[in-house]
Amino acid sequence: MLTALGGFFKRHRRKLIFTGAVIGGVLVLARVARRKLLELQEREADAYITHARRVHHFESNQRTCNMTVLSMLPTLRDNITKQLDCESLTAALRARPANKLEIWEDLKILSFARSVVAVYGACMLVVMLRVQLNVVGGYIYLDNAISSTQGPEAIRVPMEVQQRYLSSIQYLLGDGLSELTTEVKHAVQSVVGSVSLRQSVTLRELDGMISCVRTLVEGDGRQELSGFGKFMLAPEDDVLDGQVCGSREEELTAQKMLSETRDMMDSMDFWTVLRACLDRGFLRLIDGAAESFRQDQITGSGGRNMMGISAEWLPLAKVIPILDGQSHVVCSDAPNHFVQELLTMETVRNFAANVYEAFSTPEQLGK
(Lines give C-alpha, C1' and ligand atoms only; values in the text may rest on other atoms or scores of the structure.)
Protein backbone atom coordinates (compact mmCIF):
# COMPACT_ATOMS: atom_id res chain seq x y z
CA MET A 1 0.00 0.00 0.00
CA LEU A 2 2.86 2.33 0.79
CA THR A 3 4.38 1.51 -2.56
CA ALA A 4 1.12 2.37 -4.27
CA LEU A 5 0.90 5.67 -2.39
CA GLY A 6 4.48 6.48 -3.27
CA GLY A 7 3.78 5.77 -6.89
CA PHE A 8 0.65 7.91 -6.81
CA PHE A 9 2.61 10.77 -5.27
CA LYS A 10 5.33 10.47 -7.91
CA ARG A 11 2.83 10.43 -10.74
CA HIS A 12 0.82 13.39 -9.38
CA ARG A 13 3.54 15.28 -7.53
CA ARG A 14 3.15 18.53 -9.43
CA LYS A 15 -0.61 18.50 -9.08
CA LEU A 16 -0.39 17.81 -5.35
CA ILE A 17 2.19 20.52 -4.81
CA PHE A 18 0.11 22.97 -6.83
CA THR A 19 -3.05 22.02 -4.96
CA GLY A 20 -1.29 22.40 -1.63
CA ALA A 21 0.05 25.79 -2.61
CA VAL A 22 -3.41 26.91 -3.68
CA ILE A 23 -5.01 25.70 -0.47
CA GLY A 24 -2.27 27.33 1.61
CA GLY A 25 -2.63 30.56 -0.29
CA VAL A 26 -6.38 30.52 0.18
CA LEU A 27 -5.95 30.02 3.92
CA VAL A 28 -3.46 32.86 4.14
CA LEU A 29 -5.70 35.13 2.08
CA ALA A 30 -8.65 34.21 4.27
CA ARG A 31 -6.71 35.15 7.38
CA VAL A 32 -5.58 38.43 5.81
CA ALA A 33 -9.10 39.17 4.61
CA ARG A 34 -10.51 38.40 8.04
CA ARG A 35 -7.94 40.70 9.68
CA LYS A 36 -8.64 43.47 7.17
CA LEU A 37 -12.37 43.02 7.70
CA LEU A 38 -11.93 43.34 11.45
CA GLU A 39 -9.79 46.45 10.98
CA LEU A 40 -12.40 47.90 8.64
CA GLN A 41 -15.16 47.16 11.13
CA GLU A 42 -13.14 48.78 13.91
CA ARG A 43 -12.51 51.87 11.78
CA GLU A 44 -16.19 52.07 10.87
CA ALA A 45 -17.15 51.68 14.52
CA ASP A 46 -14.67 54.40 15.53
CA ALA A 47 -15.93 56.65 12.75
CA TYR A 48 -19.53 56.05 13.81
CA ILE A 49 -18.72 56.78 17.45
CA THR A 50 -16.79 59.92 16.46
CA HIS A 51 -19.64 61.06 14.23
CA ALA A 52 -22.22 60.37 16.94
CA ARG A 53 -20.10 62.25 19.47
CA ARG A 54 -19.79 65.24 17.12
CA VAL A 55 -23.53 65.24 16.37
CA HIS A 56 -24.32 65.10 20.09
CA HIS A 57 -21.88 67.92 20.80
CA PHE A 58 -23.28 69.98 17.91
CA GLU A 59 -26.88 69.54 19.10
CA SER A 60 -25.86 70.50 22.63
CA ASN A 61 -24.06 73.54 21.26
CA GLN A 62 -27.17 74.65 19.36
CA ARG A 63 -29.28 74.44 22.52
CA THR A 64 -26.68 76.56 24.29
CA CYS A 65 -26.81 79.06 21.43
CA ASN A 66 -30.60 79.27 21.60
CA MET A 67 -30.55 79.87 25.34
CA THR A 68 -27.81 82.49 24.95
CA VAL A 69 -29.82 84.42 22.35
CA LEU A 70 -32.92 84.37 24.56
CA SER A 71 -30.91 85.45 27.60
CA MET A 72 -29.57 88.49 25.73
CA LEU A 73 -32.96 89.72 24.50
CA PRO A 74 -33.70 91.71 27.70
CA THR A 75 -30.41 93.60 27.27
CA LEU A 76 -31.22 94.27 23.62
CA ARG A 77 -34.73 95.44 24.54
CA ASP A 78 -33.48 97.71 27.35
CA ASN A 79 -30.85 99.33 25.14
CA ILE A 80 -33.36 99.94 22.34
CA THR A 81 -35.79 101.42 24.85
CA LYS A 82 -33.13 103.79 26.18
CA GLN A 83 -32.04 104.96 22.74
CA LEU A 84 -35.59 105.27 21.38
CA ASP A 85 -37.47 106.50 24.43
CA CYS A 86 -41.14 106.46 23.48
CA GLU A 87 -42.26 106.16 27.10
CA SER A 88 -41.16 109.65 28.14
CA LEU A 89 -42.97 111.16 25.15
CA THR A 90 -46.12 109.20 25.98
CA ALA A 91 -45.95 110.43 29.58
CA ALA A 92 -45.50 114.00 28.34
CA LEU A 93 -48.62 113.71 26.17
CA ARG A 94 -50.70 112.77 29.22
CA ALA A 95 -49.91 116.18 30.68
CA ARG A 96 -51.53 117.83 27.61
CA PRO A 97 -48.64 120.18 26.79
CA ALA A 98 -48.84 123.09 24.37
CA ASN A 99 -46.45 121.38 21.91
CA LYS A 100 -48.60 118.27 21.69
CA LEU A 101 -48.34 118.01 17.90
CA GLU A 102 -44.55 118.26 18.01
CA ILE A 103 -44.39 115.45 20.57
CA TRP A 104 -46.66 113.29 18.42
CA GLU A 105 -44.35 113.83 15.44
CA ASP A 106 -41.34 112.74 17.50
CA LEU A 107 -43.28 109.73 18.78
CA LYS A 108 -44.12 108.77 15.19
CA ILE A 109 -40.45 108.65 14.22
CA LEU A 110 -39.37 106.82 17.37
CA SER A 111 -42.09 104.17 17.20
CA PHE A 112 -41.31 103.33 13.57
CA ALA A 113 -37.58 103.29 14.29
CA ARG A 114 -38.00 101.19 17.43
CA SER A 115 -39.87 98.38 15.65
CA VAL A 116 -37.37 98.34 12.76
CA VAL A 117 -34.32 98.38 15.03
CA ALA A 118 -35.85 95.59 17.14
CA VAL A 119 -36.10 93.32 14.08
CA TYR A 120 -32.59 94.20 12.90
CA GLY A 121 -31.14 93.69 16.37
CA ALA A 122 -32.82 90.33 16.95
CA CYS A 123 -31.81 88.98 13.54
CA MET A 124 -28.19 90.11 13.86
CA LEU A 125 -28.01 88.66 17.37
CA VAL A 126 -29.27 85.29 16.13
CA VAL A 127 -26.84 85.06 13.19
CA MET A 128 -23.80 86.51 14.99
CA LEU A 129 -24.15 84.21 17.99
CA ARG A 130 -24.63 81.26 15.64
CA VAL A 131 -21.22 82.02 14.18
CA GLN A 132 -19.41 82.71 17.44
CA LEU A 133 -20.77 79.81 19.47
CA ASN A 134 -20.16 77.32 16.66
CA VAL A 135 -16.61 78.59 16.19
CA VAL A 136 -16.06 78.09 19.92
CA GLY A 137 -17.92 74.78 19.80
CA GLY A 138 -15.63 73.48 17.07
CA TYR A 139 -12.54 74.47 19.04
CA ILE A 140 -13.91 72.87 22.21
CA TYR A 141 -14.65 69.61 20.41
CA LEU A 142 -11.10 69.38 19.06
CA ASP A 143 -9.65 70.40 22.43
CA ASN A 144 -11.57 67.60 24.14
CA ALA A 145 -10.23 65.12 21.59
CA ILE A 146 -6.67 66.39 22.06
CA SER A 147 -6.75 66.52 25.84
CA SER A 148 -7.94 62.90 26.02
CA THR A 149 -4.72 61.77 24.33
CA GLN A 150 -2.18 64.51 25.07
CA GLY A 151 -3.37 65.83 28.41
CA PRO A 152 -5.10 69.07 29.46
CA GLU A 153 -1.98 71.13 28.81
CA ALA A 154 -2.61 70.67 25.06
CA ILE A 155 -5.88 72.63 25.14
CA ARG A 156 -5.68 75.55 22.70
CA VAL A 157 -8.73 77.59 23.76
CA PRO A 158 -9.01 77.83 27.56
CA MET A 159 -12.08 79.32 29.23
CA GLU A 160 -10.48 82.77 29.52
CA VAL A 161 -9.99 82.97 25.75
CA GLN A 162 -13.53 81.73 25.10
CA GLN A 163 -15.00 84.39 27.37
CA ARG A 164 -12.87 87.10 25.83
CA TYR A 165 -13.84 86.09 22.31
CA LEU A 166 -17.56 85.81 23.11
CA SER A 167 -17.57 89.17 24.90
CA SER A 168 -17.15 90.84 21.50
CA ILE A 169 -20.95 90.41 21.04
CA GLN A 170 -21.35 93.29 23.51
CA TYR A 171 -20.42 95.67 20.68
CA LEU A 172 -23.61 94.71 18.84
CA LEU A 173 -25.63 95.45 21.98
CA GLY A 174 -23.84 98.76 22.59
CA ASP A 175 -22.01 100.96 20.10
CA GLY A 176 -23.12 98.91 17.10
CA LEU A 177 -26.76 99.24 18.12
CA SER A 178 -26.34 103.01 18.61
CA GLU A 179 -24.90 103.39 15.11
CA LEU A 180 -27.69 101.26 13.65
CA THR A 181 -30.33 103.29 15.51
CA THR A 182 -28.97 106.54 14.09
CA GLU A 183 -29.14 105.24 10.52
CA VAL A 184 -32.62 103.81 10.98
CA LYS A 185 -33.95 107.07 12.47
CA HIS A 186 -32.64 109.03 9.49
CA ALA A 187 -34.28 106.54 7.10
CA VAL A 188 -37.58 106.66 8.99
CA GLN A 189 -37.53 110.46 8.95
CA SER A 190 -37.08 110.42 5.18
CA VAL A 191 -39.94 107.96 4.63
CA VAL A 192 -42.65 108.91 7.15
CA GLY A 193 -41.55 112.33 8.36
CA SER A 194 -43.88 114.14 5.96
CA VAL A 195 -46.84 111.75 6.43
CA SER A 196 -49.66 113.36 8.43
CA LEU A 197 -50.74 111.74 11.67
CA ARG A 198 -54.34 111.92 10.43
CA GLN A 199 -53.60 110.24 7.13
CA SER A 200 -55.28 106.87 6.70
CA VAL A 201 -52.80 104.00 6.31
CA THR A 202 -53.59 100.54 5.00
CA LEU A 203 -51.60 97.50 6.02
CA ARG A 204 -50.12 97.33 2.53
CA GLU A 205 -49.02 100.95 2.76
CA LEU A 206 -47.46 100.29 6.16
CA ASP A 207 -45.55 97.36 4.66
CA GLY A 208 -44.42 99.64 1.84
CA MET A 209 -43.16 102.27 4.29
CA ILE A 210 -41.09 99.72 6.19
CA SER A 211 -39.74 98.31 2.92
CA CYS A 212 -38.63 101.82 1.93
CA VAL A 213 -36.88 102.21 5.28
CA ARG A 214 -35.12 98.87 4.71
CA THR A 215 -33.97 99.96 1.28
CA LEU A 216 -32.44 103.15 2.67
CA VAL A 217 -30.67 101.24 5.45
CA GLU A 218 -29.63 98.11 3.55
CA GLY A 219 -29.24 99.38 -0.01
CA ASP A 220 -30.82 98.05 -3.20
CA GLY A 221 -28.48 95.16 -4.01
CA ARG A 222 -27.69 92.01 -2.08
CA GLN A 223 -24.04 93.01 -1.79
CA GLU A 224 -24.99 96.17 0.12
CA LEU A 225 -26.06 94.21 3.20
CA SER A 226 -22.41 93.40 3.91
CA GLY A 227 -22.11 96.92 5.32
CA PHE A 228 -23.97 95.62 8.39
CA GLY A 229 -20.69 94.19 9.63
CA LYS A 230 -19.92 97.56 11.22
CA PHE A 231 -22.92 97.08 13.52
CA MET A 232 -21.94 93.58 14.66
CA LEU A 233 -18.22 93.65 15.32
CA ALA A 234 -15.99 96.48 16.50
CA PRO A 235 -13.21 97.77 14.22
CA GLU A 236 -10.31 95.37 14.17
CA ASP A 237 -7.99 97.72 16.08
CA ASP A 238 -10.55 98.34 18.84
CA VAL A 239 -12.30 95.02 19.35
CA LEU A 240 -10.03 93.78 22.17
CA ASP A 241 -8.84 97.10 23.55
CA GLY A 242 -9.01 97.32 27.31
CA GLN A 243 -9.33 93.57 27.81
CA VAL A 244 -6.69 91.61 29.66
CA CYS A 245 -5.57 88.20 28.44
CA GLY A 246 -3.37 85.84 30.44
CA SER A 247 -0.53 85.23 28.02
CA ARG A 248 0.81 86.14 24.62
CA GLU A 249 -0.36 82.78 23.29
CA GLU A 250 -3.89 83.40 24.52
CA GLU A 251 -3.78 86.89 23.01
CA LEU A 252 -2.86 85.44 19.62
CA THR A 253 -5.56 82.77 19.90
CA ALA A 254 -8.27 85.33 20.65
CA GLN A 255 -7.10 87.49 17.74
CA LYS A 256 -7.08 84.43 15.47
CA MET A 257 -10.66 83.52 16.40
CA LEU A 258 -11.84 87.07 15.74
CA SER A 259 -10.03 87.08 12.42
CA GLU A 260 -11.73 83.80 11.50
CA THR A 261 -15.07 85.35 12.46
CA ARG A 262 -14.42 88.29 10.14
CA ASP A 263 -13.59 85.85 7.35
CA MET A 264 -16.88 84.06 8.02
CA MET A 265 -18.73 87.39 7.90
CA ASP A 266 -17.16 88.11 4.51
CA SER A 267 -18.74 84.99 3.04
CA MET A 268 -21.88 85.13 0.91
CA ASP A 269 -23.44 82.41 3.10
CA PHE A 270 -23.39 84.72 6.12
CA TRP A 271 -25.23 87.53 4.36
CA THR A 272 -27.65 85.14 2.66
CA VAL A 273 -28.65 83.77 6.06
CA LEU A 274 -28.92 87.25 7.59
CA ARG A 275 -31.12 88.44 4.73
CA ALA A 276 -33.35 85.38 5.08
CA CYS A 277 -33.74 86.17 8.79
CA LEU A 278 -34.53 89.82 8.06
CA ASP A 279 -37.12 88.91 5.43
CA ARG A 280 -38.78 86.48 7.83
CA GLY A 281 -38.54 88.94 10.72
CA PHE A 282 -40.15 91.87 8.91
CA LEU A 283 -42.84 89.55 7.55
CA ARG A 284 -43.69 88.57 11.13
CA LEU A 285 -43.64 92.24 12.15
CA ILE A 286 -46.31 93.04 9.56
CA ASP A 287 -48.28 89.92 10.54
CA GLY A 288 -48.30 91.13 14.14
CA ALA A 289 -49.42 94.58 13.06
CA ALA A 290 -52.19 92.99 10.99
CA GLU A 291 -53.54 91.29 14.11
CA SER A 292 -53.68 94.66 15.84
CA PHE A 293 -55.40 96.19 12.81
CA ARG A 294 -58.08 93.52 13.02
CA GLN A 295 -58.47 93.83 16.77
CA ASP A 296 -58.67 97.61 16.81
CA GLN A 297 -61.49 98.92 18.99
CA ILE A 298 -64.07 101.05 17.28
CA THR A 299 -66.24 103.00 19.71
CA GLY A 300 -69.82 103.51 18.63
CA SER A 301 -71.92 106.61 19.24
CA GLY A 302 -73.39 105.00 22.35
CA GLY A 303 -69.95 104.55 23.85
CA ARG A 304 -70.01 100.76 23.40
CA ASN A 305 -66.70 99.11 22.31
CA MET A 306 -67.12 96.78 19.37
CA MET A 307 -64.26 94.27 19.18
CA GLY A 308 -63.08 92.14 16.30
CA ILE A 309 -64.14 94.51 13.50
CA SER A 310 -61.65 94.24 10.65
CA ALA A 311 -60.14 97.62 9.86
CA GLU A 312 -58.78 97.95 6.33
CA TRP A 313 -57.08 101.18 7.33
CA LEU A 314 -56.21 103.20 10.39
CA PRO A 315 -55.07 106.77 10.98
CA LEU A 316 -51.30 106.91 11.28
CA ALA A 317 -51.69 108.12 14.88
CA LYS A 318 -53.30 104.76 15.73
CA VAL A 319 -50.53 102.84 13.98
CA ILE A 320 -47.90 104.35 16.31
CA PRO A 321 -48.85 102.34 19.43
CA ILE A 322 -49.23 99.21 17.27
CA LEU A 323 -45.63 99.45 16.06
CA ASP A 324 -44.38 100.28 19.53
CA GLY A 325 -46.13 97.18 20.85
CA GLN A 326 -44.57 95.02 18.14
CA SER A 327 -41.08 96.12 19.18
CA HIS A 328 -41.77 94.67 22.62
CA VAL A 329 -43.07 91.45 21.06
CA VAL A 330 -39.89 91.05 19.00
CA CYS A 331 -37.63 91.41 22.07
CA SER A 332 -39.92 89.82 24.65
CA ASP A 333 -38.73 87.33 27.25
CA ALA A 334 -39.11 83.59 26.68
CA PRO A 335 -41.23 82.10 25.30
CA ASN A 336 -40.46 84.40 22.38
CA HIS A 337 -42.16 82.97 19.28
CA PHE A 338 -40.62 85.60 17.01
CA VAL A 339 -37.03 84.66 17.87
CA GLN A 340 -37.84 80.95 18.16
CA GLU A 341 -38.95 81.00 14.54
CA LEU A 342 -35.65 82.57 13.52
CA LEU A 343 -33.68 80.01 15.52
CA THR A 344 -35.46 77.07 13.90
CA MET A 345 -35.17 78.26 10.30
CA GLU A 346 -33.57 75.58 8.12
CA THR A 347 -31.14 78.07 6.57
CA VAL A 348 -29.93 79.10 10.02
CA ARG A 349 -29.48 75.49 11.15
CA ASN A 350 -27.63 74.49 7.96
CA PHE A 351 -25.38 77.51 8.27
CA ALA A 352 -24.62 76.64 11.90
CA ALA A 353 -23.77 73.07 10.88
CA ASN A 354 -21.38 74.33 8.20
CA VAL A 355 -19.60 76.65 10.64
CA TYR A 356 -19.29 73.89 13.24
CA GLU A 357 -18.04 71.44 10.62
CA ALA A 358 -15.39 73.89 9.47
CA PHE A 359 -13.97 74.34 12.98
CA SER A 360 -14.38 70.83 14.42
CA THR A 361 -12.50 68.79 11.80
CA PRO A 362 -8.95 67.53 12.49
CA GLU A 363 -7.70 69.56 9.49
CA GLN A 364 -8.36 72.69 11.57
CA LEU A 365 -5.52 71.67 13.91
CA GLY A 366 -2.96 72.23 11.19
CA LYS A 367 -4.06 75.79 10.49
Side-chain angles (χ1 to χ4, degrees), residues 73 76-77 80-81 83-86 89 104-127 177 179-222 224-225 227-228 231 271-296 310-332 336-339 341-342 345:
L73 286 177
L76 176 64
R77 180 180 65 241
I80 292 175
T81 301
Q83 295 184 37
L84 298 165
D85 186 8
C86 296
L89 295 180
W104 267 105
E105 289 292 336
D106 291 340
L107 189 59
K108 176 182 66 176
I109 301 301
L110 294 186
S111 64
F112 267 85
R114 181 185 276 193
S115 62
V116 172
V117 170
V119 175
Y120 277 134
C123 291
M124 289 191 295
L125 191 64
V126 166
V127 179
L177 185 66
E179 190 173 350
L180 171 66
T181 299
T182 299
E183 291 200 16
V184 171
K185 282 179 65 177
H186 288 159
V188 169
Q189 182 66 49
S190 299
V191 174
V192 302
S194 60
V195 181
S196 171
L197 291 164
R198 296 182 179 181
Q199 180 173 325
S200 298
V201 177
T202 65
L203 195 62
R204 179 172 295 181
E205 289 172 338
L206 177 61
D207 187 20
M209 290 177 183
I210 292 179
S211 295
C212 288
V213 171
R214 287 190 64 187
T215 300
L216 291 175
V217 175
E218 300 171 22
D220 292 320
R222 286 187 172 271
E224 296 295 331
L225 193 59
F228 268 45
F231 305 134
W271 302 111
T272 299
V273 172
L274 179 57
R275 185 171 291 278
C277 288
L278 291 174
D279 290 342
R280 180 71 62 87
F282 281 106
L283 177 63
R284 291 295 167 258
L285 178 69
I286 296 299
D287 287 346
E291 290 294 324
S292 298
F293 266 63
R294 287 190 289 269
Q295 295 173 6
D296 181 68
S310 177
E312 294 183 359
W313 55 266
L314 286 175
L316 186 59
K318 281 196 172 185
V319 176
I320 290 174
I322 291 175
L323 288 178
D324 185 49
Q326 287 304 305
S327 69
H328 290 282
V329 171
V330 171
C331 297
S332 66
N336 184 316
H337 300 294
F338 179 92
V339 172
E341 184 171 349
L342 296 179
M345 287 176 60

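As the structure is a computational prediction, the values presented were derived from the model and not from experiment.
Looking at every heavy atom in both residues, K185 comes nearest to I109 through O-CG2, 4.3 Å. Of all heavy-atom pairs between S111 and L323, the closest is O-CB, 4.0 Å. Here the closest heavy-atom approach between residue Q326 and residue S292 is recorded as NE2-OG, 4.2 Å. Of all the heavy atoms in A122 and V330, the pair that sits closest is CB-CG1, 4.0 Å. The shortest non-hydrogen separation linking L203 to A290 is CD2-CB, 3.3 Å. Nearest heavy-atom pair, V119 versus G281, reported as atom, atom and distance to 0.1 Å: CG1-C, 3.9 Å.
Distance check, rounded to the nearest 0.5 Å: CE of M124 to CG of L274 gives 7.5 Å. The CG atom of L84 sits 11.0 Å away from the CG atom of L107 when rounded to the nearest 0.5 Å. Atom CG of L342 sits about 9.0 Å away from atom CG of L278, to the nearest 0.5 Å. For the atom pair OG of S211 and CD of E218, the computed distance is 9.5 Å after rounding to the nearest 0.5 Å. Put simply, CG on L316 and CH2 on W104 are 9.5 Å apart, with the number rounded to the nearest 0.5 Å. Separating the CG atom in L180 from the CD atom in Q83 is a distance of 9.0 Å, to the nearest 0.5 Å.
When side chains are defined from C-beta on, L73 does not count as touching S332, because their heavy atoms never get closer than 4.5 Å. Using a 4.5 Å heavy-atom cutoff, the side chains of D324 and H328 are in contact. Using a 4.5 Å cut-off on side-chain heavy atoms (C-beta onward), K318 and W313 make no contact. Using a 4.5 Å heavy-atom threshold, the side chains of V201 and M209 count as touching. I322 has its side chain within reach of L314: a pair of non-hydrogen atoms, C-beta onward, lies under 4.5 Å apart. In this structure, Y120 and T181 have side chains that are not in contact, with every pair of non-hydrogen atoms separated by 4.5 Å or more. Here the side chains of I80 and S327 are not in contact, with every heavy-atom distance at 4.5 Å or above. Between V126 and M345 the shortest side-chain heavy-atom distance does not fall below 4.5 Å.
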| said: For a side chain to side chain contact (heavy atoms under 4.5 Å, CB included) check, start with the C-alpha distance between F228 and V217, then their side-chain angles and the critical distance, and finish with the verdict. | reply: CA-CA 9 Å; F228 268 45; V217 175; 3.7 Å; yes

| How far apart are the C-alpha atoms of S190 and L216, what are their side-chain angles, what is the distance that settles it, and do they pass the side chain to side chain contact (heavy atoms under 4.5 Å, CB included) test? | CA-CA 9 Å; S190 299; L216 291 175; 4.0 Å; yes

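By the side chain to side chain contact (heavy atoms under 4.5 Å, CB included) test, T81 is found to be paired with R77, E87, R114, residues two or more places apart in sequence or in another chain being considered. Scanning for side-chain hydrogen bond (donor to acceptor under 3.5 Å, both in side chains) contacts around E341 gives R280, R284, with sequence neighbours left out. With sequence neighbours excluded, no residue forms a side-chain hydrogen bond (donor to acceptor under 3.5 Å, both in side chains) with H186.
Looking at K108, its side chain never comes within 3.5 Å of a backbone N or O of A317 through a donor-acceptor pair.
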